[in-house]
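A short write-up of the structure that comes next.
Here is the naming used below: chain letters follow the sequence lines, and residue numbers restart at 1 for every chain.
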There are 2 protein chains.
Amino acid sequence: MGMGRPREFDAEVALDQAMEVFWRHGYEGATIAQLTEAMGINPPSLYACFGNKEGLLKAALDRYSKLRGAWMDVVVAAPTARDVAERMLIGIAEKQTDPANPPGCLLVQGGIACGTGSENVPFELAARRAQNEDQLRDRFVRAKADGDLKPTSDPAALARYVSAVSVGMGVMASSGSDREALRQVATVAVQAVEAQSADRT
Amino acid sequence: MGMGRPREFDAEVALDQAMEVFWRHGYEGATIAQLTEAMGINPPSLYACFGNKEGLLKAALDRYSKLRGAWMDVVVAAPTARDVAERMLIGIAEKQTDPANPPGCLLVQGGIACGTGSENVPFELAARRAQNEDQLRDRFVRAKADGDLKPTSDPAALARYVSAVSVGMGVMASSGSDREALRQVATVAVQAVEAQSADRT
DNA sequence: CCACATCTGTAGTGAACACTACATTTCTGG
DNA sequence: CCAGAAATGTAGTGTTCACTACAGATGTGG
């Protein structure tokens, strides 16, 4: 028995295009017509490959998380908690205003509020954001153990804080803030982490 | 000539209901059917009174800004820049987790990304957020003139920063963070403003 | 080269959407 | 009390949406 006709498009390339549409218009704002056009395929191919619109979003998120995860590894490799925060926030200022991508962050632009029938899309995005926050928290726990952060500091709260600033910067970027404005926010934000850092002696 | 049949519903009460629907589902996620049901009226009454869906959103935003504007006046009345930031961010932590309202902030939940045909909704929301930022900036300019903020500080950057943290907290609230988590973020965030404050002598 | 499995393009499907035509009701000014 | 003005409820309008039936195309295993 044969194995059927082979797929004529590259799923990863198509996913990159879909990712961009979701990024720019959000889950609900993106239509199947826009997605299929951007992906260069017809609806039946999309549904055969990804199940439905939400399946396509999840696949796009997986791809996004994969790319972003590699970068997060670089971020948490910074030598101190302060440097982790700086590398992350300054990096976000630049990534979120990179003209190669839509402005902002897919994990925010994808959809913060959704209509009936898509209620779990915001949850899905929140879960992905939480992964980054967990990674930061683990790094800050280690920083505290190393004596890099003050004994009174709360690594989980710090991670939440950096994550919150990231999200806020993403929204600003998507509504037109330029790179310099975001860098200023990042620079100020880092000072709160600095305030939690042990004095250098 | 007569003045016509009087309206049978209270426009402000109806707006409050509409505001809640937009807040919970976003502009695109909210349907006319949900809105009219929440408002207790039929579509023709809605269109006669507010023009169209976007007109209703703007009216709801006006009402939201009015309520929120009064609170912002209280915020900027705090004695120091640091206290302004604290009053604002701690207040936001509580407001955005107030069970009387949907979680988060209407100016964010309303819609960060929208589909074709509603592109200016995100701009509209951004413009309203910018008003708050401007109010903060003016307050920080004064704080710098008063010697409350360091001569090297940048009031506009500080205002952008506080605004960004507010937005980030809103997104966190809408995705399930509880009041205590938000308070922790606020507490950390205030320390960056503190770092820009002149030493007390 | 044939049976079968899978993909592809065309052309729709029913449902949900924002919005409205229209007849009716309820008011005011004269 | 009557004429005109404006709001209301019913019942739609056309459009767009996510999704799919189907027939033909293109591959593999025997």
Side-chain angles (χ1 to χ4, degrees), chain A residues 1-15 17-19 21-22 24-61 110-111 113-121 124, chain B residues 1-15 17-19 21-22 24-61 110-111 113-121 124:
Chain A
M1 324 132 192
M3 287 166 57
R5 179 174 175 177
R7 184 178 292 140
E8 289 186 1
F9 63 96
D10 181 332
E12 291 212 328
V13 171
L15 260 187
Q17 305 304 319
M19 195 170 79
V21 174
F22 282 132
R24 202 174 293 281
H25 298 291
Y27 176 74
E28 292 196 303
T31 69
I32 297 291
Q34 287 174 321
L35 289 164
T36 52
E37 187 186 350
M39 298 166 85
I41 61 177
N42 290 308
S45 298
L46 189 159
Y47 284 91
C49 191
F50 302 105
N52 56 20
K53 190 182 177 185
E54 197 167 331
L56 176 60
L57 174 71
K58 286 183 184 172
L61 291 177
C114 276
T116 310
S118 309
E119 294 93 346
N120 55 329
V121 167
E124 185 73 29
Chain B
M1 325 138 191
M3 286 168 57
R5 178 174 175 176
R7 185 177 292 142
E8 288 186 0
F9 64 94
D10 181 332
E12 292 213 326
V13 172
L15 261 187
Q17 305 305 319
M19 195 170 77
V21 175
F22 282 131
R24 202 174 293 280
H25 298 291
Y27 175 74
E28 291 195 303
T31 69
I32 297 292
Q34 287 174 322
L35 290 163
T36 52
E37 187 187 349
M39 299 166 85
I41 61 177
N42 290 309
S45 298
L46 189 158
Y47 285 90
C49 191
F50 302 105
N52 56 19
K53 190 181 176 185
E54 197 167 332
L56 176 60
L57 174 71
K58 286 184 183 170
L61 290 177
C114 275
T116 310
S118 310
E119 294 94 345
N120 55 330
V121 166
E124 185 73 28

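- When atom types are taken as modelled, the side chain of Glu28(B) and the backbone of Gly115(B) share a donor-acceptor pair closer than 3.5 angstrom.
- Between the Gln17(A) side chain and the Leu15(A) main chain, no donor and acceptor come within less than 3.5 Å of each other.
- If you check residues 29-40 of chain B against DNA chain D, you find no residue with a heavy atom closer than 4.0 Å.
- Residues passing the salt bridge (Lys or Arg N to Asp or Glu O under 4.0 Å) test with Glu8(B), sequence neighbours excluded: Arg5(B).
- Judged by closest nucleotide on DNA chain C, Asn42(A) is the one of Tyr27(B) and Asn42(A) placed further toward the 5' end.
- Both Arg7(B) and Pro43(B) lie close to DNA chain D; mapped to their nearest nucleotides by heavy-atom distance, the more 5′-ward contact belongs to Arg7(B).
- Contacts of Glu54(B) classified as side-chain contact (heavy atoms from CB on, under 4.5 Å), with partners at least two apart in sequence or in another chain: Tyr27(B), Asn52(B), Lys58(B), Asn120(B), Val121(B).
- Atom CZ of Phe22(A) is separated from atom CG of Leu61(A) by 8.0 Å, given to the nearest 0.5 angstrom.
- For the pair Leu57(B) and Phe50(B), the minimum side-chain heavy-atom distance is 4.5 Å or more.
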Distances for protein N or O near nucleotides 22-24 of chain C N or O, under 3.5 Å:
none

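- Rotation axes derived from the C1' atoms of the five outermost pairs at either end of the helix from dC1(C)-dG30(D) to dG30(C)-dC1(D) lie 10° apart, to the nearest 10°.
- Between Ala18(A) and Met39(A), the closest heavy-atom pair is CB-SD, 3.9 Å.
- The closest donor-acceptor contact from the side chain of Glu37(B) to the backbone of Leu35(B) lies at 3.5 Å or more, if one exists at all.
- Rounding to whole angstrom units, CD of residue Glu28(B) and P of dC17(D) are separated by 10 Å.
- Heavy-atom distances under 4.0 Å link DNA chain D to Tyr47(A), Asn52(A), Lys53(A) of residues 45-58 of chain A, given in residue order.
- Across every non-hydrogen atom of Ala113(A) and Gly26(B), the tightest pair is CB-N, 3.7 Å.
- Residues Gln34(A) and Ala30(A) approach most closely at OE1-CA, 3.6 Å, considering heavy atoms.
- With sequence neighbours excluded, the residues satisfying side chain to side chain donor-acceptor pair (under 3.5 Å) with Glu124(A) are Arg128(A).
- Contacts classified as side chain to side chain donor-acceptor pair (under 3.5 Å) and involving residues 38-51 of chain A (residues at least two apart or in different chains) are not found.
- For the pair Glu8(A) CD and dG9(C) C1', the interatomic distance rounds to 10 Å; values are reported in whole Å.
- Rounded to whole Å, atom P of dC19(C) lies 14 Å from atom CD1 of Ile41(B).
- Separating the NE2 atom in His25(B) from the OG1 atom in Thr116(A) is a distance of 5.0 Å, to the nearest 0.5 Å.
- In this structure, the CE atom of Met3(A) is 12 Å from the P atom of dG30(D), given to the nearest Å.
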